[in-house]
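What follows is one structure encoded as C-alpha cells, with my remarks underneath.
Residue numbers start from 1 in every chain, and the chains themselves are labelled A, B, ... in the order their sequence lines are given, proteins ahead of strands.
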Protein chains: 2
Amino acid sequence: MQNTECDVCEQHCTHPQTVCQARSAMLAEDSVMKIAEIFKILGDPTRIKVLDVLSKRELCVCDLAATLQMGQSAISHQLRILRGARLVKYRREGKEAWYSLDDEHVLTLFQQGLEHINHI
Amino acid sequence: MQNTECDVCEQHCTHPQTVCQARSAMLAEDSVMKIAEIFKILGDPTRIKVLDVLSKRELCVCDLAATLQMGQSAISHQLRILRGARLVKYRREGKEAWYSLDDEHVLTLFQQGLEHINHI
DNA sequence: GCATCATATGAACAATTGTTCATATGATCC
DNA sequence: GGATCATATGAACAATTGTTCATATGATGC
C-alpha cells in the first residue's frame with residue numbers, strides 16, 4: 001500500500017504520471033487509520049451528545065444517563081470508547097465517576113464540526 | 001428528546017438540578033444528527049484517502065482507483081457518499097469525471113483531524 | 001461481615017456498513 | 001447504427017456497530 005514506485009495497475013483510462021505523483025504524496029497508512037478512527041468515534045449521535053453536554057459541565061455517569069435519557073449501561077459503554085480515544089477523562093469521587101472533556105483540543109475538533117454544519 | 005422541562009427519570013444518584021441545567025443547554029437533535037453524520041462519513045479509511053489525495057490534485061475516478069489500488073466500483077460508491085455530503089464536487093469531461101474537494105472548508109475539517117492525531 | 005449503590009463489562013441481538021460482482025448508463029469513435 | 005470506454009448503481013455478503021440484559025466490580029455505611 002505505501003509503495004511509492006509506479007506499479008500502477010493497468011487500466012485503459014489511467015494517467016500514469018498523475019497516479020504516480022498522487023501515490024508518492026499520499027498520507028501514511030497508519031495516519032489514515034488514526035484519522036479515520038477519531039472521526040468514526042465522533043460519528044455517533046450518542047457520543048456527540050455526551051461531548052456536547054460535557055463541554056459545558058462535568059457530569060457523573062448517572063447524570064449523563066438521565067440527561068440523555070438513556071440507560072446507564074449504554075452511556076458507560078460509550079464513555080469507555082471516548083476514554084480510549086482520549087476524548088474524555090474522569091475522576092473518581094467515592095462511588096461516583098465524574099467525566100469531562102480531555103482537553104480544549106477536543107473542544108476545537110467538536111466545534112469545527114458544528115461550524116461545518118452551519119456552513120452548509 | 002428536546003424537552004427542556006425537568007422530567008428527570010428517577011434514579012438514586014442523579015443530581016436533578018444539574019441534569020435540568022444540562023438538558024436545557026443541549027444541542028438540538030437535528031444538529032446532533034448532522035454533526036454525527038459528517039463525522040461518520042469522515043470516519044472511513046477509504047474516504048480519508050480519497051479526500052487526502054483530492055486535497056492535492058483533481059483526479060478522475062479511474063486514477064483514484066489506481067492510486068488507492070481499489071476497484072472502480074468501490075471508489076465510485078464512496079464518491080457518491082462524499083458527493084452527497086458536499087465534501088467533493090466533480091466536473092465531466094467527455095467520458096471522464098474529474099473530482100476535487102468541494103471547498104476549503106472541507107480541507108480545514110480534514111486538517112483538523114490530522115492535527116489531532118499528531119497532538120496525541 | 002453484609003447490603004446497597006454507582007459504575008463497568010460481557011454476551012447477544014438487530015441494524016448498519018463497505019466491498020464485490022454483475023449490470024446499467026451515457027459518451028465517444030468507427 | 002454498433003462497439004468500446006468511463007462511470008454509476010443495485011443486490012448480496014461479511015464485518016462492524018450500538019443497545020439491551022444480565023452480571024461483575026468496587027466503594028460506602030451499617
Side-chain angles (χ1 to χ4, degrees), chain A residues 1 9-16 18-19 32-33 36-51 54 58-85 88-100, chain B residues 1 9-15 18-19 32-33 36-51 58-85 88-100:
Chain A
M1 263 310 202
C9 74
E10 283 318 314
Q11 286 186 265
H12 293 103
C13 58
T14 50
H15 308 85
T18 308
V19 172
V32 170
M33 296 310 282
E37 182 65 21
I38 282 293
F39 280 135
K40 189 183 337 190
I41 288 171
L42 292 170
D44 173 77
T46 298
R47 290 192 289 265
I48 288 293
K49 287 179 193 173
V50 169
L51 293 177
L54 291 184
E58 188 188 39
L59 285 173
C60 69
V61 178
C62 193
D63 285 351
L64 272 169
T67 303
L68 272 61
Q69 300 196 134
M70 293 181 60
Q72 170 267 320
S73 179
I75 298 297
S76 196
H77 277 295
Q78 297 302 346
L79 285 171
R80 194 162 117 95
I81 292 169
L82 291 169
R83 246 160 43 214
V88 305
K89 63 179 185 232
Y90 76 114
R91 64 183 178 86
R92 280 229 160 244
E93 191 172 326
K95 286 177 283 191
E96 292 169 352
W98 290 84
Y99 281 82
S100 52
Chain B
M1 266 307 204
C9 73
E10 283 318 313
Q11 285 186 269
H12 292 102
C13 59
T14 50
H15 308 86
T18 309
V19 172
V32 170
M33 297 311 281
E37 182 65 22
I38 281 293
F39 280 135
K40 190 185 333 194
I41 287 171
L42 292 170
D44 174 77
T46 298
R47 290 192 290 264
I48 288 293
K49 288 179 193 174
V50 169
L51 293 177
E58 187 189 40
L59 284 173
C60 68
V61 178
C62 191
D63 285 351
L64 271 169
T67 302
L68 271 60
Q69 299 196 135
M70 292 181 60
Q72 171 267 321
S73 179
I75 298 296
S76 196
H77 277 295
Q78 298 302 346
L79 286 172
R80 195 162 117 94
I81 292 168
L82 291 168
R83 246 160 43 213
V88 304
K89 63 178 186 235
Y90 76 114
R91 64 182 178 86
R92 282 227 160 244
E93 190 170 328
K95 285 177 283 191
E96 292 169 352
W98 291 83
Y99 281 83
S100 53

Just wondering, do B/His77 and B/Ile81 contact through their side chains at under 4.5 Å, heavy atoms?
->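 No; the side chains remain at least 4.5 Å from each other.
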Within-4.5 Å side-chain heavy-atom neighbours: A/Leu54 and A/Leu64 = yes
Is there a Watson-Crick or G-U wobble partner for C/dA22 with both distances under 3.5 Å, and if so, which one is it?
->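 Answer to the pairing question: D/dT9, which forms a Watson-Crick or G-U pair with C/dA22.
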Can you tell me how far C1' of C/dT20 sits from CG of B/Leu68, to the nearest Å?
-> 16 Å
Taking atom C1' of D/dG18 as reference, at what distance in whole Å does atom CE of B/Met33 sit?
->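 That distance rounds to 13 Å.
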[N] phosphate, OP1 or OP2, under 4.0 Å from [X] side-chain N/O:
X       : N      : value
A/Arg80 : C/dT9  : yes
A/Arg83 : C/dT9  : yes
A/Lys40 : D/dT17 : yes
B/Tyr99 : D/dA6  : no
A/Arg92 : C/dT7  : no

Taking the side chain of [X] as its heavy atoms from C-beta onward, which of [options] lies nearest to it?
X       : options               : result
B/Gln78 : C/dG26, C/dT7, C/dG18 : C/dG18
B/Ala74 : C/dT7, D/dT7, C/dT19  : C/dT19
B/Ser76 : C/dT20, C/dA6, D/dA8  : D/dA8

Spell out yes or no: do the side chain of B/Gln72 and the base of D/dA8 have one donor N/O and one acceptor N/O closer than 3.5 Å?
-> yes
Side-chain donor/acceptor contact of B/Ser73 with base of C/dT19 under 3.5 Å | no
Kindly say whether A/Gln72 contributes a backbone atom to a donor-acceptor pair with the side chain of A/Ser76 at under 3.5 angstrom?
-> no
Please answer whether the main-chain N or O of A/Leu82 pairs with a side-chain N or O of A/Arg47 as donor and acceptor at a distance below 3.5 Å.
-> no
For B/Ala97, answer base if it contacts any base atom (sugar-phosphate contacts may also be present), sugar-phosphate if it contacts only those atoms, and nothing otherwise; contact means non-hydrogen atoms under 4.0 Å.
->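 Contact class for B/Ala97: sugar-phosphate only.
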Tell me whether A/His77 is stacked on the nucleobase of D/dT19, counting only the six-membered base ring and applying the 5.5 Å and 30° thresholds.
->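 No, A/His77 does not stack on the base of D/dT19, since the centre distance and plane angle fail the 5.5 Å and 30° test.
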Should the ring pair B/His15 and A/Trp98 be called parallel, tilted or perpendicular, given that the plane angle runs from 0 to 90° and is split at 30 and 60?
-> tilted
Hey, which of these two, A/Glu37 or A/Gly71, hits DNA chain D nearer its 5' end, going by closest nucleotide?
-> A/Glu37
A/Thr46 or A/Glu93: which one's nearest nucleotide on DNA chain D is closer to the 5' end?
->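 Looking at the nearest nucleotide for each, A/Thr46 comes out on the 5' side.
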